[in-house]
Amino acid sequence: MIVWINGAFGAGKTTTARELIELIPNSTLFDPEVIGGALNHLLPPKHLTEVGDFQDLPIWRRLVIDTAAALLAELGGTLVVPMTLLRQEYRDEIFGGLAARRITVQHVLLAPAETILRERIAGREIPPDLPDGEIRVRQWSYDHIEPYRAALASWLTADAHPVDNSDLTPYETAARIAEAVGSGTVPVCDIVQTPEPTAETLASGVLLFDEQDRVLLVDPTYKAGWEFPGGVVERGEAPARAGMREVAEETGIHLDDVPRLLVVDWERPSPPGYGGLRLLYDGGRLDSAEAERVLLPGPELRDWRFVTEEEAADLLPPVRYERLRWALRARERGAALYLEAGVPRP
């Protein structure tokens, strides 16, 4: 399993983690900062300057997942990970990727009072060989206090087990975490476990429309980007029925009629993904009463909304948007289309 220590920059995550591995038997420290340092040598400088934070790089998030999984496969036991995660979608992507590998995460939040946090940032040791380090590192920490406040107000305290370490030493903080983890006070994160594919997959999505002909999109917790209701077709399952099943599981809407096929799209392999066939169906129009009954059961979805085609362009990854665009044209024409990577073919 993983004990993930979250908190604002300067909250004491790394020093606490070093103490914690002495208190949890067979535990190992993994600091994802090393992934960011490695990317400095792996990615072109121009690519790095286009982002303000390593966490905004999909490759960083993917490597954190893969490295954590590889360390646990090699060493077993418990991995202690000190890393600030203030964006819920990044937390969901990383924890969801770990859940897909059947790795459980216990999420702890170090939450000192803000006055204490600012004092610690001011007194933080900066490596002497770091150019402009004192200015840059301290300012970086101060600049992230406001995003930390926003995360606290929206999702972070409800998701993680808080530990107020305002008046605690790193050892005392670690002892409190070890006790909470050992007693089960820190619950395992409730996030969907979607096994990663090992070969090409067949997936069915269903388009549902409101009375204004806007299409329903959902925001999964276990992967980045918005999506259509749907999922992978199980062995021996009819694709259209799989779409109906997924709609019911994700939104609570039970379709009476088998939906009409709009698009068959071949998605090319793109490592680490295997690609496969993606089907989109027309699930019909929901009246206002049905639309109001849309639910988000369990931990699988974070949000949903009805959007216009133009609004969908800002939410969906490019290939999914092209799939939607051609599905809407097929719906208008009353004839299904065959696509390859979002491009219609004869």
### Query
Any sub-3.5 Å donor-acceptor pair from Glu249's side-chain atoms to Glu246's backbone N or O?
no
### Task
Return yes when atom CG of Asp167 has more than 12 non-hydrogen atoms of other residues, nucleotides or ligands closer than 6.0 Å, and no otherwise.
no
### Task
Write down the atom of Leu202, the atom of Pro239, and the distance for their closest heavy-atom approach.
CD2-CG, 3.9 Å
### Message
Name the residue from Val218, Leu216, Ile253 that meets the side chain to side chain contact (heavy atoms under 4.5 Å, CB included) definition with Val247.
### Response
Ile253
### Close side-chain approach of Met244 and Val206, heavy atoms under 4.5 Å
no
### Within 6.0 Å of CD in Glu179, more than 12 heavy atoms from elsewhere
no
### Query
Would you find a donor on one side and an acceptor on the other, under 3.5 Å apart, between the side chain of Ser27 and the backbone of Leu79?
no
### Message
Tell me whether Arg285 is salt-bridged to Asp213, with the criterion being a basic N under 4.0 Å from an acidic carboxylate O.
### Response
yes
### Contact summary for Ala17 and Val80, nearest pair of heavy atoms
CB-CG1, 3.7 Å
### Query
Do Ile5 and Leu20 have side-chain heavy atoms sitting under 4.5 Å apart?
yes
### Task
Taking atom CZ of Arg241 as the centre, report whether more than 12 heavy atoms of other residues, nucleotides or ligands fall under 6.0 Å from it.
no
### Query
Does the Ser166 side chain pair with the main chain of Ala113, one donor and one acceptor, at a distance under 3.5 Å?
yes
### Query
Should the heavy atoms of other residues, nucleotides or ligands under 6.0 Å from CZ of Arg176 be counted, would the total exceed 12?
no
### Query
Does Arg305 come within less than 4.0 Å of Asp219, counting only side-chain N to carboxylate O?
no
### Task
Using a cut-off of 6.0 Å, state whether more than 12 heavy atoms not belonging to Glu146 lie near its atom CD.
yes
### Task
Identify the two heavy atoms, one from Pro32 and one from Val64, that lie closest to each other, and give their separation to 0.1 Å.
CB-CG2, 3.9 Å
### Query
Should we say atom OH of Tyr171 is surrounded by more than 12 heavy atoms from elsewhere, each under 6.0 Å from it?
no
### Task
Assess whether atom CZ of Arg260 is packed by more than 12 heavy atoms of other residues, nucleotides or ligands within 6.0 Å.
yes
### Query
Hey, are the side chains of Leu280 and Asp265 touching, using non-hydrogen atoms and a 4.5 Å cut-off?
no
### Query
Does a side-chain N-to-carboxylate-O contact under 4.0 Å join Arg62 and Glu93?
no
### Summary
Note: Pro344 and Trp326 closest approach over all heavy atoms is CG-CE2, 3.3 Å
### Residues Glu310 and Arg325 bridged, charged N to O under 4.0 Å
no
### Message
If you compare all heavy atoms of Phe306 against all heavy atoms of Glu311, which two are closest, and at what distance to 0.1 Å?
### Response
O-OE1, 4.4 Å
#### Entry: Charged tip of Arg61 within 45° of Tyr90 ring normal and under 6.0 Å
yes
### Message
Which heavy atom of Leu328 sits nearest to which heavy atom of Glu309, and what is that distance?
### Response
CD1-OE1, 3.6 Å
### Message
Is it the case that the side chains of Thr201 and Arg278 hold a donor-acceptor pair, with the cut-off being a distance below 3.5 Å and no angle test?
### Response
yes
### Query
So, does Arg91 use its side chain to make a donor-acceptor pair with the main chain of Gly96 at under 3.5 Å?
no
### Query
Just by distance, do the side chain of Thr251 and the backbone of Ala248 share a donor-acceptor pair under 3.5 Å?
no
### Task
Apply side chain to side chain contact (heavy atoms under 4.5 Å, CB included) to the pair Thr28 and Thr78, showing each step before the final yes or no.
CA-CA 6 Å; Thr28 305; Thr78 299; over 6 Å; no
### Message
Taking the six-membered ring for Trp, are Tyr338 and Trp266 closer than 6.0 Å centroid to centroid?
### Response
no
### Task
Please assess Glu211 against Asp287 for the test side chain to side chain contact (heavy atoms under 4.5 Å, CB included), listing each intermediate value before the final yes or no.
CA-CA 6 Å; Glu211 292 176 330; Asp287 61 34; 3.6 Å; yes
### Task
State plainly whether the residues Asp31 and Arg18 are in salt-bridge range, i.e. N to O under 4.0 Å.
no
### Query
Are Tyr274 and Pro269 side-chain neighbours, meaning at least one heavy-atom pair lies under 4.5 Å?
no
### Query
Any sub-3.5 Å donor-acceptor pair from Trp4's side-chain atoms to Met83's backbone N or O?
yes
### Task
Evaluate whether atom CD of Glu33 has more than 12 neighbouring non-hydrogen atoms of other residues, nucleotides or ligands under 6.0 angstrom away.
no
